[in-house]
J.: 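Sharing a structure below in structure tokens format, with a few things to ask.
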There are 2 protein chains.
Amino acid sequence: MTVRIDDVDRKILSELQRDASQSLDEIARKVGSSKTPVWNRIRKLRQGGVIGRQTVILDAESLGFEACFFVLIRTSEHDAVWQASFLEALQNRPEVQEAHRLAGDIDYILKVRVKNARAYDVFYQALISEVRVHNVTALLSMEEIKSTTMLPLED
Amino acid sequence: MTVRIDDVDRKILSELQRDASQSLDEIARKVGSSKTPVWNRIRKLRQGGVIGRQTVILDAESLGFEACFFVLIRTSEHDAVWQASFLEALQNRPEVQEAHRLAGDIDYILKVRVKNARAYDVFYQALISEVRVHNVTALLSMEEIKSTTMLPLED
DNA sequence: GTTGAAAACGTCTTTCC
DNA sequence: GGAAAGACGTTTTCAAC
């Protein structure tokens with residue numbers, strides 16, 4: 001169930017990720033087409049799951065989220081039950097913004113956004129009491145140099 | 001120049017990050033207010049930089065971005081010139097979705113989204129030819145368990 | 001600070017080429 | 001598949017309370 005994506009689709013997606021508040025007319029002009037075909041393509045891409053949530057990016061600092069940690073996790077348990085409970089714990093914690101299962105030596109990496117170091121400790125204590133992990137390393141971000149959700153669609 | 005944010009603002013922001021395509025009426029109803037005041041608050045939050053870009057989240061896999069790496073970087077150079085050139089290199093590379101300067105042992109972490117392992121190698125070779133780095137470790141994501149830009153505003 | 005109304009604008013559908 | 005047009009809803013402004 002894969003959607004076929006051509007160059008015009010890619011241009012539309014590129015515009016939408018740059019600024020999702022643009023009007024159809026504006027997008028149509030930029031991609032060299034007109035309202036109806038652009039609208040049909042967007043609908044197709046939405047239905048195909050290529051276009052997901054429409055959202056606004058908020059400024060974390062203004063809202064008091066002043067600490068960001070990358071957490072490297074090693075575990076000794078690799079069975080399905082453990083994995084399911086770990087996964088659920090991550091999904092339920094809103095401070096976890098990203099979670100990836102990794103290849104190699106380190107098993108998981110998390111990106112955790114919290115108000116301050118104390119809030120991270122609360123998170124950490126809660127997590128290790130819920131699921132067994134072998135080894136945890138927290139990397140504290142001093143400065144967010146770059147942060148984007150944009151995919152580079154124009155090659 | 002900090003914007004004061006109250007509970008109503010937080011509810012509005014929360015709704016906007018959940019679904020930025022909602023109408024003013026809908027948001028107003030949910031936060032227990034009406035169109036005009038909600039509109040004025042949103043404008044204030046936008047001007048104050050609390051609300052940033054409005055975007056759509058695209059499905060990386062559908063678009064052929066099948067590899068995601070977290071890159072841990074150690075450097076021996078810490079002078080301002082080196083840092084500026086490193087920063088610029090990261091800003092100019094669209095495959096770098098996140099870049100943080102860290103406290104401690106590891107100096108930087110990047111999140112790099114590419115089409116495949118070969119594309120990562122191209123990126124890596126280009127980066128180390130542009131700026132001197134002491135040590136680089138790449139962590140390959142096998143599975144994106146969670147990925148969100150939402151901040152937990154309701155405490 | 002809220003309400004309500006009006007004008008401008010955008011979306012989505014339908015019809016025709 | 002694309003253009004045009006229309007019905008409908010939304011945004012934005014403004015005047016009154």
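Bear in mind that the values here come from a model prediction, so they are computed numbers and not experimental data.
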J.: Could you name each residue pair satisfying side chain to side chain donor-acceptor pair (under 3.5 Å) that touches residues 53-72 of chain A, not counting sequence neighbours?
T.: A/D59-A/S62
J.: Can you confirm whether the side chains of A/K146 and B/Q97 place a donor and an acceptor under 3.5 Å from each other?
T.: no
J.: With a 3.5 Å cut-off and no angle check, do the side chains of A/D25 and A/S23 form a donor-acceptor pair?
T.: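 Note: A/D25 and A/S23 side chains miss the donor-acceptor criterion.
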J.: Checking B/Y108 against B/H100 for the ring-ring contact (aromatic ring centres under 6.0 Å, His included) test, could you report, in this order, the C-alpha distance in whole Å, the side-chain angles of both residues, the deciding distance, and whether it holds?
T.: CA-CA 6 Å; B/Y108 295 91; B/H100 291 249; over 10 Å; no
J.: Is the A/Y120 ring parallel, tilted or perpendicular to the A/F123 ring (thresholds 30°, 60°)?
T.: tilted
J.: Check the distance between D/dT11's C1' and B/Q54's CD and give it to me in whole angstrom.
T.: 13 Å
J.: Could you write nucleotides 3-17 of chain C as a row of B, S and -, 5' to 3', where a protein heavy atom under 4.0 Å of any base atom gives B, of only sugar-phosphate atoms gives S, and otherwise -?
T.: BB-----SBBB----
